[in-house]
Engineer: 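This is the structure I want to talk about, given as structure tokens.
Numbers restart at 1 for each chain; the letters A, B, ... are given by sequence-line order, proteins then strands. Note that these values count all heavy atoms, side chains included, but never hydrogens, waters or copies made by symmetry.
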Number of protein chains: 2
Amino acid sequence: MTPTDKHTESKIFDAATEIFEEKGLAAARMQDIADRAKINKALLHYYFRSKEKLFMAVFDKLADKVFKKFSGIFEEDMPFEEKIRYFFKEHISFLQKNPRLPMFILAEISRNPRLLEKFLSKINISNIKTKISSDVSANLPEEAIPHLMVSIVSLSVFPIAAKPILKGILEQAGIEYNQFIKERMQVAPDFIISALKQYNVESKNNEKQ
Amino acid sequence: MTPTDKHTESKIFDAATEIFEEKGLAAARMQDIADRAKINKALLHYYFRSKEKLFMAVFDKLADKVFKKFSGIFEEDMPFEEKIRYFFKEHISFLQKNPRLPMFILAEISRNPRLLEKFLSKINISNIKTKISSDVSANLPEEAIPHLMVSIVSLSVFPIAAKPILKGILEQAGIEYNQFIKERMQVAPDFIISALKQYNVESKNNEKQ
DNA sequence: ATATGGTTTAACCGTTTGGTCAAATATAAG
DNA sequence: CTTATATTTGACCAAACGGTTAAACCATAT
């Protein structure tokens with residue numbers, strides 16, 4: 001392979017990523033991808049045999065990107081509170097750089113369940129669960145861990161995934177979206193940590209009874 | 001045809017709703033809609049002039065449905081804590097009956113910003129904000145209200161909107177999705193109320209300083 | 001310089017798509 | 001029954017789509 005090979009292939013791949021993220025698989029047009037990559041449409045089929053193959057390559061890469069960012073964060077060695085704050089800071093700033101990513105993944109999976117397998121195969125959920133578990137097991141019963149995880153992800157992903165609609169609503173109330181999201185990096189972990197502290201207060205009160 | 005048969009227009013509308021919710025605008029086929037409604041494809045254009053017009057009619061109806069359910073809940077006259085619990089119970093059970101609705105609205109809006117205007121025109125956000133504000137203004141500063149609202153919506157909508165992927169992950173961990181969502185009706189409001197209580201504790205401590 | 005093999009293109013192809021239309025059928029009114 | 005109007009259909013169309021092909025192009029090794 002010559003150096004120009006990689007060049008073209010990655011130009012196509014980058015263009016395809018943009019178009020697929022913007023429009024989704026069904027609405028994306030091979031001609032649009034070729035135009036954005038500034039190459040002939042036939043080249044798409046030369047490097048990636050079909051639209052579906054090209055899409056799969058893009059989806060795979062993006063799913064990998066999400067997964068690596070997600071799982072890496074909980075590897076860090078720090079106290080749980082700090083880890084929560086670190087997660088939101090890292091995760092929200094990552095999603096801000098890739099604002100279309102979460103909606104793309106969610107929407108495509110919900111319309112083609114076969115993509116789910118591809119996505120799940122990357123995640124070792126019990127691994128992450130064990131990590132969180134060891135962090136908070138002193139404070140939280142085992143059954144509550146998945147709920148905590150879902151709450152954390154909901155609070156970090158949703159405001160980015162729903163960006164267009166949330167931005168619209170906020171602006172109706174005179175609030176700027178980007179500023180709001182910046183605040184979220186502080187507000188959301190505060191919210192979670194407060195909830196957990198309160199939980200501890202309540203369980204200690206129950207123990208005393 | 002028996003007189004109990006639905007009128008053609010509503011048969012078309014119902015079929016279109018199903019297909020559009022399942023596949024989205026771009027992937028939906030007029031022929032599929034006609035097939036599901038068990039009528040000739042030309043009839044679609046007789047009652048609704050074009051695919052876009054039909055889609056707009058469906059989107060408008062569904063956006064209305066979401067909006068009415070959302071805004072109605074905070075009209076109720078009850079203490080704030082109880083209202084939060086009532087919101088999650090009502091909202092999650094509504095979304096469970098219409099599991100594709102949130103992802104449909106979010107995905108279509110994110111791909112066609114013109115739909116956002118249609119959606120926003122239905123919502124009077126400052127109205128809702130005022131209601132919540134009067135509920136919690138004694139306990140929470142004005143600036144925190146939008147964040148609380150976004151947190152509430154994130155925690156209620158995300159686990160339903162991301163159903164396929166969340167279901168997959170949960171099952172990998174041996175947890176059944178429907179049971180998990182049922183638990184959420186209790187866990188999520190607990191979480192929010194705990195966070196707010198803790199917030200009050202902290203602000204009272206700050207006042208003492 | 002030319003033969004070789006990977007790269008790029010314009011032109012083309014078969015199918016699918018949203019949409020149209022004239023004819024057929026059902027419904028209701030005179 | 002006859003006429004007028006509304007509904008339904010099969011056949012059809014032009015455009016758009018993903019995909020193919022043969023030829024042109026270009027770098028490099030001999």
Engineer: Could you give the NZ-to-P distance, from A/Lys41 to D/dT20, as a whole number of Å?
Structural biologist: 10 Å

Engineer: Mind calculating the distance between CG (A/Leu43) and P (D/dA24) to the nearest angstrom?
Structural biologist: 17 Å

Engineer: Could you pull out the closest heavy-atom pair between A/Lys118 and A/Phe59, with the gap in Å?
Structural biologist: CD-CD2, 4.2 Å

Engineer: For the side chain of A/Thr8, starting at C-beta, report the closest nucleotide among C/dT8, D/dG10, C/dT9.
Structural biologist: C/dT8

Engineer: Go through D/dT7, C/dT20, C/dG6 for me and flag the one nearest to the B/Tyr47 side chain.
Structural biologist: D/dT7

Engineer: Using 30° and 60° as the class limits, which term best fits the ring planes of A/Phe55 and A/Phe20: parallel, tilted or perpendicular?
Structural biologist: perpendicular

Engineer: For B/Glu21 and B/Arg100, which heavy atoms make the closest approach, and how far apart are they?
Structural biologist: O-CD, 3.8 Å

Engineer: Of the nucleotides D/dT8, C/dT8, D/dT9, which one has an atom closest to the side chain of B/Asn40?
Structural biologist: D/dT9

Engineer: Nearest to the side chain of A/Ala42, which nucleotide is it out of C/dT9, C/dT7, C/dG18?
Structural biologist: C/dT9

Engineer: So what is the end-to-end bend of the helix from C/dA1-D/dT30 to C/dG30-D/dC1, with 5 pairs used at each end and the value given to 10 degrees?
Structural biologist: 10°

Engineer: Quickly work out the A/His45 NE2 to D/dC17 P distance and round it to whole Å.
Structural biologist: 13 Å

Engineer: So which heavy atom on B/Ala195 is nearest to which on A/Ser194, and how close?
Structural biologist: O-CB, 3.7 Å

Engineer: Taking all heavy atoms of B/His45 and all of B/Lys41, pick out the closest pair and write down the distance.
Structural biologist: ND1-O, 3.6 Å

Engineer: Rounding to an integer number of Å, can you tell me how far A/Ile12 CD1 sits from C/dT7 C1'?
Structural biologist: 11 Å

Engineer: List in numerical order all residues of residues 18-36 of chain A for which some heavy atom is under 4.0 Å away from an atom belonging to DNA chain D.
Structural biologist: A/Ala28, A/Arg29, A/Met30

Engineer: Could you tell me whether a side-chain N or O of B/Ser10 sits under 3.5 Å from a main-chain N or O of B/Phe13, the two making a donor and an acceptor?
Structural biologist: no

Engineer: Rounded off to whole Å, could you give me the NZ-to-C1' distance for the A/Lys11 and C/dT8 pair?
Structural biologist: 11 Å

Engineer: Tell me what B/Phe48 touches on the nucleic acid: a base, only sugar-phosphate, or nothing, going by heavy atoms under 4.0 Å.
Structural biologist: nothing

Engineer: Does A/Lys51 get its side chain close enough to the base of D/dG19, under 3.5 Å, for a donor-acceptor pair?
Structural biologist: no

Engineer: Closest heavy-atom contact between B/Ile33 and B/Ala15?
Structural biologist: O-CB, 3.6 Å

Engineer: Is it the case that atom NZ in A/Lys167 sees more than 12 heavy atoms from other parts of the structure closer than 6.0 Å?
Structural biologist: no

Engineer: Grab the OH-C1' distance between A/Tyr46 and D/dA24 for me, whole Å please.
Structural biologist: 14 Å

Engineer: By a strict heavy-atom criterion of less than 4.0 Å, which residues belonging to residues 52-61 of chain A are in contact with DNA chain D?
Structural biologist: none

Engineer: Is the A/Phe87 ring parallel, tilted or perpendicular to the A/Phe70 ring (thresholds 30°, 60°)?
Structural biologist: tilted

Engineer: Are the charged groups of B/Glu108 and A/Arg111 less than 4.0 angstrom apart, N to O?
Structural biologist: yes

Engineer: Can you measure B/Leu44 atom CG to C/dG19 atom C1' for me and round it to whole angstrom units?
Structural biologist: 11 Å

Engineer: Tell me the closest heavy-atom pair linking A/Pro189 and A/Arg184, and the distance in Å.
Structural biologist: CD-O, 3.6 Å

Engineer: Can you tell me if B/Gln179 has over 12 outside heavy atoms packed within less than 6.0 Å of its CD?
Structural biologist: yes

